[in-house]
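Following: one structure in structure tokens, then a few remarks.
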Protein chains: 2
Amino acid sequence: MTTAPLSRNEAKELTRRRLLRAALRILDEEGEAGLTTVKVSRAAGIAQSSFYVHFRDKQDLLKSLWHEGGGRLLRATHQARSLSIEAPTDRERFRDAFRIPLESMCRHPELFRISRRVRHDPGSPLAEFAREAEKISRDLLVEDLIASGFTAGTEQERRRVEMIADCLGALTERMAIGHLEGRYPDLEEALDVIIAFSRGYLSLLPRENRA
Amino acid sequence: MTTAPLSRNEAKELTRRRLLRAALRILDEEGEAGLTTVKVSRAAGIAQSSFYVHFRDKQDLLKSLWHEGGGRLLRATHQARSLSIEAPTDRERFRDAFRIPLESMCRHPELFRISRRVRHDPGSPLAEFAREAEKISRDLLVEDLIASGFTAGTEQERRRVEMIADCLGALTERMAIGHLEGRYPDLEEALDVIIAFSRGYLSLLPRENRA
DNA sequence: AATTTCACCGATAGTACTATCGGTGAAATT
DNA sequence: AATTTCACCGATAGTACTATCGGTGAAATT
């Protein structure tokens, strides 16, 4: 039992992190309606009024939660993934391109569930962020698809590639949800199914670009 | 301008419907946080206190909204759809099997968006209903898939068929969202992509059952 | 015609939460 | 050692909403 001699700044930073952690848990377990300054503060071990020492208001807390959690997750996922989608001929790499985001979602269940839930909730201050993240995610996937042979010259072609990216995202998310709910305990089984569906979209590749 | 002579019962039923309509709109536009007895009542043209003449509380309103709207939609969709999935060899029928639920979602945008949003919101009184509906939906699809040749003898096979059903649902919902947001104006284009992905899952059919 | 029913009203008590304010004591600075 | 800073506290005013209650007048029943 060593007594840590915390400086005032360190102590403040610690309670700030406690508040963010508590907010993440409450948001995940009880939804946005359950997130109050009273609950977060109590969970972090400070008085309700002290909440405002760390955040201007609840929206400020949510913003911080997003920028210090959600944003990083998104970028890390896509950085790792785009490395492996570039060679769709290689079976293992192709599989990795789906495994990486799937595992990333499952490794951060709270953030994943919250950002999913918030995305289409017009009353949520996080909605805008989550939708922007979704768009970025889709756009990155579109780039990858174009790099792997899809054409997006006409409006219609562009839409089609976006739809494919959208569908790939939907498949991955749905399998992640099933896994987190305990219905699909084996991620490799889920990957098998995603890959099978993806064989289908490959049929939309222009013939001359197929490997 | 004919003055309709409404009986007391008819008048009551009319305000009840006004309340339900208003609730649906507010729920869709502002989310659950925006749905208050004050707003619903005002939108329906009655005093806040008169809300309780029609519903015990807000949860009661939500329950009614679900049972008199959501439930019917789900059943109608699946009834229409299962007629056409039974003959996956017939291209037009196969396509219909996806078009029917897709169109059904797009025809009831508020209900569709609300039930989607509410499904994973632990704070929502509708969450339970929406999740049950999702399960029913998936189970019905699983039955259809088994009827069309998939096997579900072992635990693993059963899981796989459930995953496929889950994925089909995810694809359809995602395309419906894109259409309702205006990104995919042409539903037939979206159907093309869903069908392409589905060619992939057909590869998971046991060889001896393929048409 | 007399009586009863009841959808609706305004007023209001109660609840939950937000956000501010002055005060305190220990850490940090001088 | 004296002074300043500031994370945290309890108290509290303000806001938004829920749900009840007694009253009213027109419809429904007798």
Side-chain angles (χ1 to χ4, degrees), chain A residues 2-27 29-65 68 121-126, chain B residues 2-27 29-65 68 121-126:
Chain A
T2 51
T3 321
L6 289 184
S7 80
R8 191 149 64 181
N9 279 335
E10 289 170 330
K12 186 180 184 184
E13 187 57 27
L14 186 67
T15 42
R16 194 188 132 91
R17 296 209 172 281
R18 283 212 188 102
L19 282 167
L20 286 169
R21 275 227 146 269
L24 189 71
R25 186 181 54 77
I26 293 172
L27 213 51
E29 289 176 6
E30 306 179 38
E32 220 151 331
L35 188 78
T36 66
T37 56
V38 180
K39 277 191 202 163
V40 183
S41 304
R42 187 145 44 94
I46 60 172
Q48 183 265 339
S49 58
S50 301
F51 174 90
Y52 297 91
V53 171
H54 302 273
F55 303 99
R56 200 163 7 88
D57 50 22
K58 206 160 66 177
Q59 174 147 357
D60 188 32
L61 167 81
L62 288 172
K63 257 191 221 173
S64 302
L65 200 58
E68 294 171 29
D121 188 346
S124 169
L126 286 180
Chain B
T2 52
T3 322
L6 289 184
S7 78
R8 192 148 65 180
N9 279 335
E10 289 170 330
K12 187 181 183 185
E13 187 56 27
L14 186 68
T15 42
R16 193 188 133 90
R17 295 209 173 282
R18 282 211 189 102
L19 283 167
L20 286 169
R21 275 226 147 273
L24 189 70
R25 187 182 54 76
I26 293 172
L27 213 49
E29 288 176 6
E30 306 178 38
E32 221 151 330
L35 188 76
T36 65
T37 57
V38 180
K39 277 192 202 162
V40 183
S41 305
R42 187 144 44 94
I46 60 172
Q48 183 265 341
S49 58
S50 301
F51 173 90
Y52 297 92
V53 171
H54 302 273
F55 303 99
R56 202 164 4 89
D57 50 22
K58 206 160 66 178
Q59 173 147 358
D60 188 32
L61 167 82
L62 288 172
K63 256 191 222 174
S64 301
L65 200 58
E68 293 170 31
D121 188 345
S124 168
L126 285 181

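The sequence lines fix the lettering, A, B, ..., with proteins before strands; numbering per chain opens at 1.
- Spacing between atom CZ of B:Arg56 and atom C1' of D:dA19 amounts to 13 Å, rounded to whole angstrom units.
- Atom-to-atom, CD of A:Glu13 to P of D:dC6 comes out at 16 Å; the value is rounded to the nearest Å.
- Where pairing requires Watson-Crick or G-U contacts shorter than 3.5 Å, the helical stems of DNA chain C with at least three consecutive pairs are C:1-30 with D:1-30.
- Taking atom CG of residue A:Asn9 and atom P of nucleotide C:dA28, one finds them 8 Å apart after rounding to whole Å.
- Contact annotation: A:Lys12 does not reach the phosphate of D:dC6 (side-chain N/O to OP1 or OP2, under 4.0 Å).
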(message) Using side-chain hydrogen bond (donor to acceptor under 3.5 Å, both in side chains), reason through B:Gln48 and B:Ser41 one step at a time and then give a plain yes or no.
(response) CA-CA 5 Å; B:Gln48 183 265 341; B:Ser41 305; over 6 Å; no
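- Rounded to whole angstrom, the span from the OH atom of A:Tyr52 across to the P atom of D:dA11 amounts to 18 Å.
- Between the NE2 atom of A:His54 and the C1' atom of D:dC9 there is a distance of 12 Å, given to the nearest Å.
- Counting only heavy atoms from C-beta on, B:Thr36 has its side chain closest to D:dC17 among D:dC17, D:dA19, C:dT20.
- Salt-bridge formation is not detected for the pair B:Glu29/B:Lys39: no Lys NZ or Arg NE/NH1/NH2 atom is positioned less than 4.0 Å from an Asp or Glu carboxylate oxygen.
- Both A:Ser49 and B:Lys58 lie close to DNA chain D; mapped to their nearest nucleotides by heavy-atom distance, the more 5′-ward contact belongs to A:Ser49.
- Among the nucleotides D:dT5, C:dA7, C:dC9, the one closest to any side-chain atom of A:Arg8 is D:dT5.
- When heavy atoms are screened at a 4.0 angstrom cut-off, A:Thr37 is found touching the sugar-phosphate backbone but no base atom.
- The distance between atom CG of A:Leu6 and atom P of C:dA26, rounded to the nearest whole Å, is 16 Å.
- By the side-chain hydrogen bond (donor to acceptor under 3.5 Å, both in side chains) test, B:Arg21 pairs with no residue at all, sequence neighbours left out.
- Here the side chains of B:Leu62 and B:Leu35 are in contact, with some heavy-atom distance below 4.5 Å.
- Considering NE2 of A:His54 and CG of A:Asp60, their distance stands at 12.0 Å, rounded to 0.5 Å.
- Whole-Å rounding puts the B:Arg18 CZ to C:dA7 C1' distance at 13 Å.
- No side-chain heavy atom of A:Leu65 sits under 4.5 Å from any side-chain heavy atom of A:Phe55.
- Computed from coordinates, the B:Gln48 CD to C:dC8 P distance equals 14 Å when rounded to whole Å.
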(request) Evaluate the side chain to side chain contact (heavy atoms under 4.5 Å, CB included) criterion for residues A:Val53 and A:Thr15: first the C-alpha distance (whole Å), next the side-chain angles of each, then the deciding distance (0.1 Å), finally the verdict. (result) CA-CA 10 Å; A:Val53 171; A:Thr15 42; over 6 Å; no
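- Mapping A:Ala11 and B:Asp57 onto DNA chain D by nearest heavy atom places A:Ala11 closer to the 5' end of the strand.
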